[in-house]
Enquirer: 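Let me begin by handing over the structure; questions about it come next.
The shown structure was predicted, so the numbers you read here are calculated from the model rather than taken from an experiment.
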Amino acid sequence: MSQRRSVWSIDDGPAWPALSGSERCDVVVVGGGITGITAALLLQRRGRAVILLEAREVAAGTTGGTTGKLTSQHGLIYHDLAERHGWEVAQAYADANQGALRIVESLDNETGAASELTRASAIVYDIDGSNSDRLQAEYEAAIRLGLPARLTGDTGLPFEVAQALEFTDQAHFHPVRYCRALATEFQNSGGRIFENTRATDVEESTGQVQVGTEHGSVTAQDAIVATLLPIVDRGGFFAKTKPWRAYGVAARLTGPPPTEMYISVSQPIRSLRPWPAGGRNGAIIVGESHPTGDDSATPGRWGELERWVNENFEVDSFDYRWSAQDYDTADGFPYIGRSPFSERTFVATGFAKWGLTNGTAAAVMLTDEILGEDNPHAEVFSAGRIGDAKTVTELIKTNTATAVEWVRDRVGRLSLPELADLERGQAVIVSVEGQAAAVYCDASGRCHAVSPTCTHLGCSVRWNDAENSWDCPCHGSRFGIDGRVLNGPATAALARVEIPGSASREESLEPVEETDALVDEWIDNSFPASDPPGEVPPGMSGDSSDRPPR
């Protein structure tokens with residue numbers, strides 16, 4: 001039975017204490033993913049005293065949910081960037097990501113990270129030839145930008161493809177072991193790390209910035225907010241980005257997997273790479289992207305991935321299932337640099353599921369900006385850029401949809417049904433003594449009720465049936481069944497709601513299997529390995545994103 005956690009999760013390695021009290025330093029970094037820990041290490045090495053704050057554990061967030069691909073091949077991006085923004089932007093994106101690959105390899109060697117970093121090609125493939133013009137255009141753009149690209153029909157996949165675009169000399173690795181090694185090196189260089197310390201606000205004053213947390217504060221000259229989406233958003237990034245979730249499975253095959261890294265052009269998108277820690281037959285498959293808060297967040301997402309693997313490979317076992325989140329930007333590339341309307345707060349967001357190289361490149365740009373040094377890519381990626389006309393149009397559409405959603409939710413609350421008996425595993429938004437409540441009944445029969453109002457900007461949360469969480473469709477905040485924050489930008493938990501008579505109701509229900517076991521049974525019954533290819537079950541649309549997964 002698959003474990004419901006990331007394939008990269010590890011139980012050993014260093015751990016750091018939580019912050020308690022007040023601290024001072026030169027630079028405070030909020031967020032312990034690859035962006036934050038890389039920036040912290042680079043700044044510490046350059047003579048700045050740095051403190052890093054992480055809400056959970058180092059690399060436990062989106063960094064620990066990626067495929068671990070290190071590549072400048074990000075689907076079909078370069079032709080679009082050049083057509084829309086010009087060759088200067090496309091060149092900067094290419095150079096920044098190719099440079100990031102080299103930086104990761106260098107730091108991996110310096111720190112002895114044991115991250116299993118392995119050079120491999122990154123291949124984007126077209127099954128039926130319907131995207132041949134796009135592949136040709138991307139190839140020509142890549143060659144003009146100096147990228148290591150070639151067209152090929154020989155992919156090493158166990159099925160035929162019409163055409164493929166290969167970037168040679170890319171890499172894959174274990175992102176959590178890598179980040180933990182950087183964190184240890186950062187500490188050995190004099191840096192300080194505080195885990196399980198959620199930042200709640202960032203306030204600037206003359207000559208300094210203060211980051212508040214649940215149990216203390218850090219005062220510094222500058223702050224880097226590397227929290228996927230900035231938790232304090234003076235630049236309006238919540239309105240310039242869109243949150244997406246993608247799903248992953250790790251499998252052990254009966255024979256060796258393909259040796260390179262792959263991603264499909266057409267829907268449903270599938271991303272594949274070897275999994276060295278899974279033995280010579282290990283493979284990782286990611287896909288099934290959808291907007292955060294979408295109704296199609298069901299356990300069937302993993303089932304669809306597993307069915308695809310069973311259709312194309314002989315499978316011995318599926319060992320892990322997990323999901324992760326990232327943000328797209330309206331104009332197609334990240335925001336990096338000094339946050340608008342700020343003097344001492346720097347941000348990096350919008351990596352579009354390619355954060356291992358983009359995040360590393362961001363760390364270099366932020367380090368240079370804080371140190372007052374020129375960076376050749378800083379202007380292109382500027383966090384203060386407005387974007388082109390298409391960007392503005394997309395922003396208007398996105399934010400209009402968000403506003404409509406907000407109004408619809410508020411109108412809907414005027415006629416919420418009263419709470420009735422729930423089945424185990426069921427979740428609803430109802431009225432409890434006149435108060436709106438998001439209620440979930442767990443596997444033991446206990447009901448958990450919280451406010452359905454996201455503490456970020458007040459949108460209504462929706463139930464995520466795949467991960468048993470309440471997710472905000474507006475800006476991607478996610479909350480546990482008890483209201484605790486799972487993903488920002490929200491920093492405060494959902495308020496608890498008392499359910500009258502809940503104790504007597506819980507006592508009347510017999511215990512049943514744990515929720516994870518019920519989910520596994522649901523997947524096995526809905527997507528048996530012998531099922532022929534067919535339509536996606538009701539409520540799902542395959543991969544609803546044309547953005548590639550990680």
Enquirer: Are side-chain N/O atoms of S132 and Q163 paired as donor and acceptor at under 3.5 Å?
Expert: no
Enquirer: Using only atom types and a distance under 3.5 Å, with no angle test, would you say the side chain of H85 pairs donor to acceptor with the backbone of D331?
Expert: yes
Enquirer: In the structure I gave you, are the side-chain heavy atoms of Q325 and T292 within less than 4.5 Å of one another anywhere?
Expert: yes
Enquirer: Heavy atoms, side chains only, cut-off 4.5 Å: are V225 and V232 in contact?
Expert: no
Enquirer: Filter on side-chain hydrogen bond (donor to acceptor under 3.5 Å, both in side chains), then keep only pairs touching residues 47-60, sequence neighbours left out; what's left?
Expert: none
Enquirer: Carefully, step by step, assess H74 and Y93 under the rule side chain to side chain donor-acceptor pair (under 3.5 Å).
Expert: CA-CA 10 Å; H74 297 171; Y93 191 94; 2.7 Å; yes
Enquirer: Hey, mind stepping through F237 and Y327 against side chain to side chain contact (heavy atoms under 4.5 Å, CB included) and telling me if it holds?
Expert: CA-CA 10 Å; F237 300 110; Y327 289 77; over 6 Å; no
Enquirer: Is it true that a side-chain atom of S317 and a backbone atom of D319 form a donor plus acceptor pair closer than 3.5 Å?
Expert: no
Enquirer: Should E306 and R321 count as an ion pair when the cut-off is N to O under 4.0 Å?
Expert: yes
Enquirer: Show your reasoning for whether side chain to side chain contact (heavy atoms under 4.5 Å, CB included) applies to V286 and I284.
Expert: CA-CA 7 Å; V286 171; I284 293 169; 4.3 Å; yes
Enquirer: Counting C-beta onward and ignoring hydrogens, is there a side-chain heavy-atom pair between I224 and V30 closer than 4.5 Å?
Expert: no
Enquirer: Run the ring-centre check on W244 versus H290 and record whether the distance is less than 6.0 Å.
Expert: no
Enquirer: Are L182 and T111 close enough that some pair of their side-chain heavy atoms sits under 4.5 Å apart?
Expert: yes
Enquirer: With sequence neighbours excluded, give me every side-chain hydrogen bond (donor to acceptor under 3.5 Å, both in side chains) pair touching residues 34-44.
Expert: none
Enquirer: For the backbone of T168 and the side chain of Q170, can you confirm whether one donor and one acceptor N or O come within less than 3.5 Å of each other?
Expert: yes
Enquirer: Does the ring of W87 carry R144 above it, NZ/CZ under 6.0 angstrom from centre and within 45° of its axis?
Expert: yes
Enquirer: Could you go through the side chain to side chain contact (heavy atoms under 4.5 Å, CB included) check for E204 and S342 one step at a time?
Expert: CA-CA 8 Å; E204 291 191 13; S342 299; 3.2 Å; yes
Enquirer: Take S271 and M261 through the side chain to side chain contact (heavy atoms under 4.5 Å, CB included) test and state the conclusion after the steps.
Expert: CA-CA 8 Å; S271 178; M261 303 178 290; over 6 Å; no
Enquirer: Would you find a donor on one side and an acceptor on the other, under 3.5 Å apart, between the side chain of T118 and the backbone of E116?
Expert: yes
Enquirer: Considering only heavy atoms from C-beta outward, does the side chain of V209 approach that of T219 to under 4.5 Å?
Expert: no
Enquirer: For D154, look at atom CG and say whether over 12 heavy atoms of other residues, nucleotides or ligands are found less than 6.0 Å away.
Expert: no
Enquirer: Any Lys/Arg nitrogen of R478 or E467 sitting under 4.0 Å from an Asp/Glu carboxylate oxygen of the other?
Expert: yes
Enquirer: Do S469 and D471 get their side chains close enough for a donor-acceptor pair, meaning under 3.5 Å?
Expert: yes
Enquirer: Between the side chains of N97 and N358, is a donor N or O closer than 3.5 angstrom to an acceptor N or O?
Expert: yes
Enquirer: With no hydrogens and no angle check, do the side chains of N109 and E105 hold a donor and an acceptor under 3.5 Å apart?
Expert: no
Enquirer: Between the side chains of R252 and E314, is the shortest nitrogen-to-carboxylate-oxygen separation below 4.0 Å, so that they form an ion pair?
Expert: no
Enquirer: Within 45° of the axis and under 6.0 Å from the centre of the six-membered ring of Y320, does NZ or CZ of R5 qualify?
Expert: no
Enquirer: Establish, yes or no, whether a centroid distance under 6.0 Å links the rings of F333 and F351.
Expert: no
Enquirer: When the ring planes of F167 and Y78 are compared, do they come out parallel, tilted or perpendicular, using 30° and 60° as the limits?
Expert: parallel
